[in-house]
Structures are given as C-alpha cells and as structure tokens.
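One structure below.
Any value given below was found using the heavy atoms of this structure, including those in side chains, with hydrogens, waters and symmetry copies removed. Sequence lines set the chain letters: A, B, ... in the order given, protein chains first and strands last, and positions in each chain run from 1.
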Amino acid sequence: MNSQSTPLKQQLRELIERAMATLTQDDGPLAGISELPPVQIERTKTREHGDFACNVAMQLARLARAKPRDLATALVAALPADPLVAKVDIAGPGFINLSLSDNAWHQQVNQAIAQGRDFGRNQNGQGVCVGVEYVSANPTGPLHVGHGRAAAIGDTLARLLDAAGWKVVREFYYNDAGVQIDNLALSVQARGRGIDPENPAWPADGYRGDYIQVVADGFAAGETVDVDGQHLVGSGDFDDLDAVRRFAVGWLRREQNDDLAAFGVQFDVYYLESSLYADGKVAETVDALNQSGHTYEQDGALWLRSTDFGDDKDRVMRKSDGNYTYFVPDVAYHLSKWQRGYVRAITELGADHHGSLARVKAGLQALEQGIPAGYPEYVLHQMVTVMRGGAEVKLGKRAGGYLTLRDLIDEVGRDATRYFLISRKSDSQLTFDIDLARAQSNDNPVYYIQYAHARICSVFRQAAEKGISHDPQAGQANMSVLTDEQSLALMIELSRYPEAVESAAEGLEPHTLATYLRELAAAFHTAYNAHPILPADSPERDARLTLCLGVKQVLANGLDLLGMGAPEQM
RNA sequence: GUCCCGGUAGCUCAGCUGGAUAGAGCGGCGCCCUCCUAAGGCGCAGGCCACAGGUUCGACUCCUGUCCGGGACGCCA
C-alpha cells in the first residue's frame with residue numbers, strides 16, 4: 001500500500017499558515033489576535049485568477065483592523081518559497097491567488113499512477129466506525145425504483161466513506177413480524193385458496209400484485225427458499241398461516257437480495273425488527289425512557305414527552321391496546337447501533353419518512369445515555385418518477401404494470417441505472433427517463449464517461465498493434481513537453497479528484513462525484529481531439545501515454561466508487 | 001394550519017461550508033473524420049439565479065416574509 005501523500009490543498013494551506021504565523025510575531029500586523037480563522041484554499045473558476053485562491057486576508061481584515069489588500073501584501077511577503085508555487089498575485093478585494101508550477105501537476109499524474117487504486121483515498125475518518133443503513137425495505141413486495149435510488153445513494157455513500165478512511169458497516173433493517181407482514185401472509189393464503197383481489201373475500205389491506213400468486217404457487221409446489229441462514233420449504237398447507245408467513249417473507253427477502261446483488265449492492269448486516277423484541281432491546285429502551293422521567297401515562301397509553309427534545313408534539317409509545325408504536329423499535333434499533341460501536345450512524349431514507357426523524361432523535365436524547373444530538377445523521381431522497389416514450393410510468397403497487405428495480409436494471413443496465421439514480425442531488429425530485437438512459441449516444445452521460453476510459457484502453461491497443469512501446473519512466477520524466485492548453489487542463493482536472501472524493505464524502509453528497517467524472521471525461525475528450533496521443537516523437541508520446549494512464553486510473557477509481565464498471569472496450 | 005424539500009438558459013440539472021465576469025448537457029444555428037472508436041471535438045445564440053426585504057467588504061449561496069410545485073403531519077408502518 002502506498003502511503004498517501006499530502007493533498008495539494010493542504011500543502012498550500014500550510015504555506016499560508018506559516019506566513020500567518022510569521023505575521024503574529026512581535027509587532028506584526030496579526031500580533032495579539034487570539035483566534036485566527038481557518039485558512040480556506042479553493043480552486044479558482046478561471047486560470048486568470050491562478051489555480052488556487054485564499055481569502056484569509058479578507059477574513060482577517062476586521063480582526064487586524066487593516067485593509068485586506070495590505071494584509072494580503074504582508075502575507076505574500078512572508079510566504080515561504082515552495083517549488084509547487086510558480087506565482088503569487090493579489091487580486092480583487094484581497095484574494096491571494098496561487099499559480100502552481102507545471103511540475104506540481106506532473107506530480108499529481110505520477111501519483112495517480114503510483115498509488116493506483118489508492119489514489120484519491122484519504123484518512124480523514126481515521127478508521128472510526130460508521131454504520132450506513134439504507135434500503136431497509138420490508139419484505140412485502142419487490143423493490144421499486146425508489147428503493148433503487150436508496151440503494152444507489154446508500155451504497156455510494158458507503159463506498160465514499162470507506163475511501164475517506166472510515167470503517168464502514170452496511171446495514172439493512174427490516175420488519176419481519178408486523179401488521180404488514182400479516183397482510184402479506186393473508187394475501188398469499190388467499191391467493192393459494194384461489195381468491196383474487198376482485199373477490200369480496202380478499203383481505204382488506206391485502207397486497208394485490210401478481211407476485212403474490214407466484215409466491216403462493218411456490219408454497220403450494222413445495223419449492224425451497226434459502227435466505228438469511230434459513231432453509232424454507234413450501235408445505236402447501238395454506239391453513240398454517242405461520243408457515244405461509246415464514247415462506248413468503250423468505251421468498252421476498254431472497255427476491256430483494258437477488259435484485260440488490262444484480263445492482264452491485266451488498267450488506268454486512270441484516271437486522272430484523274423482531275430481534276429487538278426477542279433480545280429485550282425494546283424493553284430496555286422503554287425502561288430507560290421511563291427511568292429518565294420523560295414518559296407519562298394518559299388515556300391508557302404510554303407517552304414520550306418528545307417535545308422536551310425538539311419534537312412538535314408528544315408521541316405515543318405504547319398504545320392503549322398494549323402494543324408499541326413503530327417508533328419504539330426504531331429508537332431501540334438506533335440505540336443498538338450506538339451500543340454496537342457505530343460512532344456515526346447514517347440513515348438513508350425516503351423523504352416521506354422525514355416526519356419520524358424528530359421523534360427518533362428525541363427518543364435517543366431522552367434515553368440520556370450520552371448519544372450525540374446529531375445521531376443519527378439522515379440522508380433523505382425525494383421521489384423518483386419514471387418516464388418512457390414521453391409519458392410517466394405509473395409505479396403504484398396496485399396497478400398491474402408494476403415497474404420494479406429489476407425491470408429497470410434489465411431494461412437499461414446496471415451502470416446506467418446507478419448513474420442516473422445517483423447523478424442528481426438526493427434532495428431534489430428525480431425524473432428517470434428510460435429512453436435517455438437506454439440511448440447509446442452522446443445524449444447519455446454514462447457512455448460519455450465510460451467511453452473516455454474505453455478510448456484510453458483503445459489507444460494502448462493501437463500502440464501495441466503498431467509495435468509502439470510505452471516507457472512510463474520516460475513519460476514521467478518528459479511530462480514538461482506537454483505544454484499545450486488541453487493537456488494542462490486535463491492534468492489539473494485529474495488533480496481535483498482527491499478533493500472531489502473528500503468533499504463528496506464529507507458532505508454526504510454522492511452526486512458531486514458523478515458531476516466531477518463527467519468534467520474529467522470532458523477534459524479528456526477535448527485533449528484527445530486536440531492532439532494525437534501517438535505522435536512519432538517518442539518523448540512526447542511517452543508523456544501523452546503517461547497522462548492517459550493517470551486519467552484512466554482516476555476514471556476507474558471514480559467509476560468504482562459509483563459502483564459502475566470501467567469498460568476497456570465499447 | 002404546521003413542518004420538510006425544490007424553484008438557476010427553451011428542456012434536464014450543477015454551482016464545493018458566502019467570494020472575483022453564473023456553468024454543463026440536451027435542444028437551436030454553424031463547423032471538424034485521407035488522422036489513435038464521430039458513443040467524440042470546436043464555435044455562436046440563449047439568464048432580473050421565483051419575488052421583496054435584511055445581514056456584510058462581498059449573497060445563487062445565510063436570515064425573514066410572499067408566491068408556485070412536491071412531500072409529510074395517526075394510539076398506521
């Protein structure tokens with residue numbers, strides 16, 4: 001494993017910090033300022049402003065009672081010389097603009113090649129354990145597109161956090177015992193007895209989809225289901241509702257797992273709601289809430305005074321019929337995450353559940369067990385609508401045309417499905433255009449990015465056919481022959497990758513990585529068109545091929561974080 | 001009525017924890033393959049960042065209010 005070298009931004013930040021330290025000495029302009037603001041280094045929008053800009057002089061202006069530009073001048077004068085930095089300017093209201101040497105970019109390319117799959121990874125998480133929960137669909141039906149969005153977002157988050165040095169546990173939580181499961185069992189039983197949803201004898205809240213018939217047929221035919229460590233055999237005895245229930249749950253669990261596997265999504269832990277009752281976690285939670293004094297009895301029910309913790313009204317914990325409301329096991333479940341050592345817990349949910357967030361957080365606070373106020377962190381996604389042929393595809397469970405995640409994967413492919421579900425900010429509603437996702441054309445960003453990777457592979461194949469060998473060492477030594485604008489722009493784009501990974505992980509915003517990869521691919525395609533990669537001149541050729549190797553590595557790393565393939569040929 | 005999320009080019013959307021002249025793709029118009037995959041590239045046109053205030057050196061970004069669209073508000077899960 002290569003030791004990760006210090007990221008560019010951080011190296012520059014340290015230079016500025018050293019300059020600031022100089023100015024705090026004795027009677028320097030910053031002397032006597034106790035709290036210096038954190039130094040922010042950011043990429044500039046145009047190279048006219050250099051490569052990186054620092055706004056610290058403006059931030060310090062008031063504290064130091066000095067003009068921003070005067071401070072900037074003093075900082076620049078105190079800035080230590082460094083081979084990374086070619087030029088320093090002061091511009092606008094007091095920006096310090098840093099222009100890097102070409103050699104700085106060459107180093108980034110070389111690092112991408114040398115570090116390989118590790119390039120872009122960082123140690124920000126310091127190996128601390130974070131639980132990431134997502135999908136968590138109840139086993140009452142096939143996964144639909146909304147679950148697909150949850151899976152794509154959650155899985156990419158998990159990969160990003162892993163790349164950022166956290167110890168990630170992927171978790172799937174499901175209810176295997178509640179009212180909805182009863183409805184499932186009753187539905188399968190009814191189908192098994194030849195009752196269909198149009199029949200007056202159909203269960204009131206039954207699941208009407210055709211898949212119920214399939215499950216019933218399997219149960220009748222004595223099919224077997226192996227899932228979650230269980231081996232289930234359909235007995236065909238529809239009077240044994242408990243057996244029907246176990247079989248149906250197992251069947252749908254297996255179905256969901258198969259679909260998720262086809263989507264490239266796997267979990268470390270499957271957590272059953274029923275286990276929270278079986279192992280006393282629910283009772284422990286209720287006792288702790290009672291003991292902490294945040295509960296009261298009223299109207300024959302037990303209430304949590306969640307308004308003490310920011311909820312807008314108190315919530316019933318135990319109904320007057322003696323059963324717990326769903327949010328009690330929810331609190332117990334998140335307590336178990338804390339107790340299992342998840343220092344951070346991230347819960348990915350559909351935004352239609354946002355109403356439950358406040359009460360779960362309130363419940364965790366009311367336990368008074370030192371769980372941080374921000375626990376768990378929620379990432380919510382908005383609804384997905386699907387378009388085909390310019391018309392909306394209805395997704396309702398009741399309708400016959402039930403579009404499942406599996407249907408979508410089969411129709412447009414795993415990579416395109418993942419990309420489209422991840423490419424938008426999770427906070428905004430998403431329109432999934434099946435025709436666009438299927439298009440094998442430049443309308444489709446999936447191919448655009450993957451094609452960049454395939455194109456590089458193709459160039460190396462061409463080189464091999466022509467008997468041209470690539471000397472990577474010579475390439476690295478000769479990078480300075482690449483002075484054209486497009487190559488430089490490509491190197492700079494490549495150098496942004498570690499920052500893209502870091503900020504996507506930190507902000508829990510996987511879509512920003514998708515955006516970055518499109519920009520990297522664009523920079524590559526531009527350079528590809530501007531200059532032949534296999535010119536006769538061998539120093540230049542070696543350098544261009546070396547740059548291609550670096551870009552190829554970054555594309556592969558980035559696509560992998562999105563759970564997508566990096567094809568060598570298209 | 002309360003709460004959450006959106007409102008940026010004709011369309012679909014980016015805009016990184018407030019930064020310098022607002023970005024990309026598609027669509028429109030005009031170009032580029034005797035050349036490594038044209039699944040590509042180049043150029044032009046296109047904007048009161050929903051609206052009105054406020055905060056400050058500086059606001060698409062933060063705060064308040066209004067309007068529009070979507071969602072959530074149960075002793076359902």
Side-chain angles (χ1 to χ4, degrees), chain A residues 38 40 42-46 48-49 53 55 58-59 61-62 67-68 91-95 97 138 140 175 178-181 205 273 298-303 312-313 315-327 329-330 350-358 380-383 385 423-431 433 436 439-448 450-452 454-456 458-463 465-466 468 486 496 499-500 502-504 506-507 509 511-512 514-516 518-519 521-522 524-535 544 548 569-570:
Chain A
Q40 295 174 26
E42 51 190 25
R43 296 269 176 172
T44 56
K45 284 181 188 164
T46 76
E48 293 167 29
H49 298 142
N55 63 354
M58 278 118 82
Q59 295 184 310
R62 196 194 300 166
K67 293 180 183 172
F95 289 105
N97 290 338
N138 285 340
T140 54
N175 176 349
V179 177
Q180 295 180 39
I181 299 298
D205 294 309
E273 182 177 340
Q298 185 184 310
D299 304 331
L302 179 67
W303 295 69
D312 57 353
K313 55 176 109 165
R315 304 292 172 175
V316 170
M317 293 168 56
R318 192 178 58 229
K319 298 183 274 186
S320 50
D321 69 5
N323 289 314
Y324 290 111
T325 57
Y326 75 94
F327 107 92
D330 253 14
D352 55 342
H353 288 84
H354 91 269
S356 71
L357 274 47
L380 302 182
H381 67 265
Q382 296 286 339
M383 295 180 68
T385 52
S423 62
R424 303 274 189 263
K425 189 167 51 176
S426 66
D427 268 347
S428 50
Q429 288 165 235
L430 173 71
T431 301
D433 184 336
L436 176 59
Q440 308 227 342
S441 76
N442 49 358
D443 298 358
N444 190 336
V446 177
Y447 291 92
Y448 186 81
Q450 293 186 322
Y451 180 44
R455 230 177 185 182
I456 292 172
S458 171
V459 168
F460 278 95
R461 282 194 299 271
Q462 282 288 328
E465 279 173 25
K466 293 178 180 172
I468 297 170
Q486 294 86 355
R496 286 179 54 216
E499 295 158 32
E502 181 176 33
S503 92
E506 200 167 315
E509 294 177 321
H511 75 280
T512 57
T515 304
Y516 166 78
R518 207 160 35 72
E519 288 165 354
F524 170 74
H525 288 307
T526 295
Y528 178 95
N529 271 273
H531 308 280
I533 294 170
L534 301 173
R544 291 201 184 276
C548 280
Q569 203 167 342
M570 290 174 71

Do the side-chain N or O atoms of [X] get closer than 4.0 angstrom to the phosphate oxygens (OP1, OP2) of [N]?
X        : N      : result
A/Thr526 : B/rC42 : yes
A/Lys319 : B/rA77 : yes
A/Lys313 : B/rG74 : yes
A/His381 : B/rG70 : no
A/Ser428 : B/rA14 : yes
A/Lys45  : B/rA20 : yes
A/Ser458 : B/rU37 : yes

Would you kindly check whether a donor in the side chain of [X] faces an acceptor in the base of [N], or vice versa, at under 3.5 angstrom?
X        : N      : value
A/Asn97  : B/rA20 : yes
A/Asp352 : B/rG71 : no
A/Tyr326 : B/rA77 : yes
A/Ser320 : B/rC75 : yes

**Side-chain donor/acceptor of A/His381 to backbone N/O of A/Leu430, under 3.5 Å** = no
Whole-Å distance between [N] [atom2] and [X] [atom1]?
X        : N      : atom1 : atom2 : result
A/Asp205 : B/rC76 : CG    : P     : 13 Å
A/Asp427 : B/rG15 : CG    : C1'   : 15 Å
A/Tyr516 : B/rG23 : OH    : C1'   : 17 Å
A/Gln462 : B/rC36 : CD    : C1'   : 5 Å
A/Gln40  : B/rU17 : CD    : C1'   : 7 Å
A/His525 : B/rA39 : NE2   : P     : 11 Å
A/Arg424 : B/rU12 : CZ    : P     : 10 Å
A/Arg455 : B/rC36 : CZ    : P     : 11 Å

Mind checking the [atom1]-[atom2] spacing from [X] to [Y]? Nearest 0.5 Å is all I need.
X        : Y        : atom1 : atom2 : result
A/Gln429 : A/Arg424 : CD    : CZ    : 13.0 Å
A/Arg544 : A/Leu534 : CZ    : CG    : 10.5 Å
A/Ser458 : A/Met570 : OG    : CE    : 11.5 Å
A/Arg461 : A/Gln569 : CZ    : CD    : 4.0 Å

Whole-Å [atom1] distance, [N] and [M]:
N      : M      : atom1 : value
B/rU61 : B/rG65 : P     : 16 Å
B/rC32 : B/rG6  : P     : 45 Å
B/rG23 : B/rA14 : C1'   : 7 Å
B/rA50 : B/rU12 : P     : 15 Å
B/rG15 : B/rA59 : C1'   : 14 Å
B/rC76 : B/rG1  : C1'   : 22 Å
B/rG7  : B/rG54 : P     : 24 Å
B/rG28 : B/rU21 : C1'   : 25 Å

Could you check which nucleotide pairs with [N] in any of the strands shown, counting Watson-Crick or G-U wobble with both distances under 3.5 Å?
N      : result
B/rC73 : B/rG1
B/rU17 : none
B/rA9  : none
B/rA59 : none
B/rG47 : none
B/rU64 : B/rA52

Options [options], nucleotide nearest the side-chain atoms of [X]:
X        : options                : answer
A/Asn529 : B/rG40, B/rU21, B/rG7  : B/rG40
A/Lys425 : B/rC57, B/rA24, B/rG15 : B/rG15
A/Met383 : B/rC75, B/rG19, B/rG70 : B/rG70

Does the ring of A/Tyr528 lie flat against the base of B/rG40, closer than 5.5 Å centre to centre with planes under 30°?
-> no
Answer yes or no: is there a side-chain heavy-atom contact under 4.5 Å between [X] and [Y]?
X        : Y        : value
A/Leu357 : A/Leu380 : yes
A/Val459 : A/Tyr528 : yes
A/Tyr516 : A/Glu499 : no

Result for 5'-nearest mapping on RNA chain B, choosing between A/Thr46 and A/Ala522, is A/Thr46
Of A/Gln569 and A/Arg315, the one whose nearest nucleotide on RNA chain B sits closer to the 5' end is A/Gln569
Practice item. Select base, sugar-phosphate, or nothing to describe what A/Ser423 touches, counting heavy atoms under 4.0 Å on all strands. Key: nothing
